[in-house]
Amino acid sequence: MLGPVACSWYAFAIPRLITVLQAYRQPKPAGPPPGYQTFWPLWYVSLAFYHNRLAGGLFVLGLAVNVASRL
């Protein structure tokens, strides 16, 4: 029974969170960057998904390990 220890694997996503937060601290550009023409108002969202994909995956992996340890 691993409990919170297994579910805390998402902490390995903290370096990626720091990278995303550094990008958020930059001044907002006046126009869309190249390649973001259709997503211009939401181009910061891609950074959030970049982090969330790793953090969420690690959290679900921790839940699976926790459930497997109880079997």
Side-chain angles (χ1 to χ4, degrees):
M1 187 164 119
L2 298 173
V5 174
C7 293
S8 64
W9 287 8
Y10 65 86
F12 288 112
I14 290 175
R16 188 176 287 185
L17 174 64
I18 292 170
T19 302
V20 170
L21 291 177
Q22 287 173 348
Y24 284 167
R25 288 189 189 126
Q26 301 300 321
K28 191 174 180 181
Y36 281 92
Q37 199 64 26
T38 57
F39 300 109
W40 167 236
L42 301 175
W43 79 287
Y44 281 119
V45 172
S46 64
L47 291 170
F49 281 122
Y50 176 67
H51 166 68
N52 195 25
R53 186 174 48 214
L54 177 63
L58 289 173
F59 181 71
V60 170
L61 179 65
L63 289 175
V65 167
N66 192 24
V67 168
S69 71
R70 293 175 188 234
L71 295 177

Is Leu47 close to His51 at the side-chain level, that is, under 4.5 Å between some pair of heavy atoms? no
Measuring from atom CH2 of Trp9 to atom CG of Asn66, what distance do you get when rounded to the nearest 0.5 angstrom? 10.0 Å
How far does CD of Gln26 sit from CG of Leu21, to the nearest 0.5 angstrom? 11.5 Å
Looking only at heavy atoms, which two atoms of Tyr50 and Arg16 are closest? And how far apart? O-NH1, 2.8 Å
What's the shortest heavy-atom distance between Phe12 and Leu58, and which atoms? CB-CD1, 3.8 Å
Partner residues of Leu63 under the side chain to side chain contact (heavy atoms under 4.5 Å, CB included) criterion, sequence neighbours left out: Cys7, Phe59
If Ile, Leu, Val, Met, Phe, Trp and Tyr residues are connected whenever their side-chain heavy atoms lie under 4.5 Å apart, and connections chain through other members, are Val20 and Tyr44 in the same group? yes
Tracing side-chain links under 4.5 Å among I, L, V, M, F, W and Y, which residues wind up in one group with Ile14? Ile18
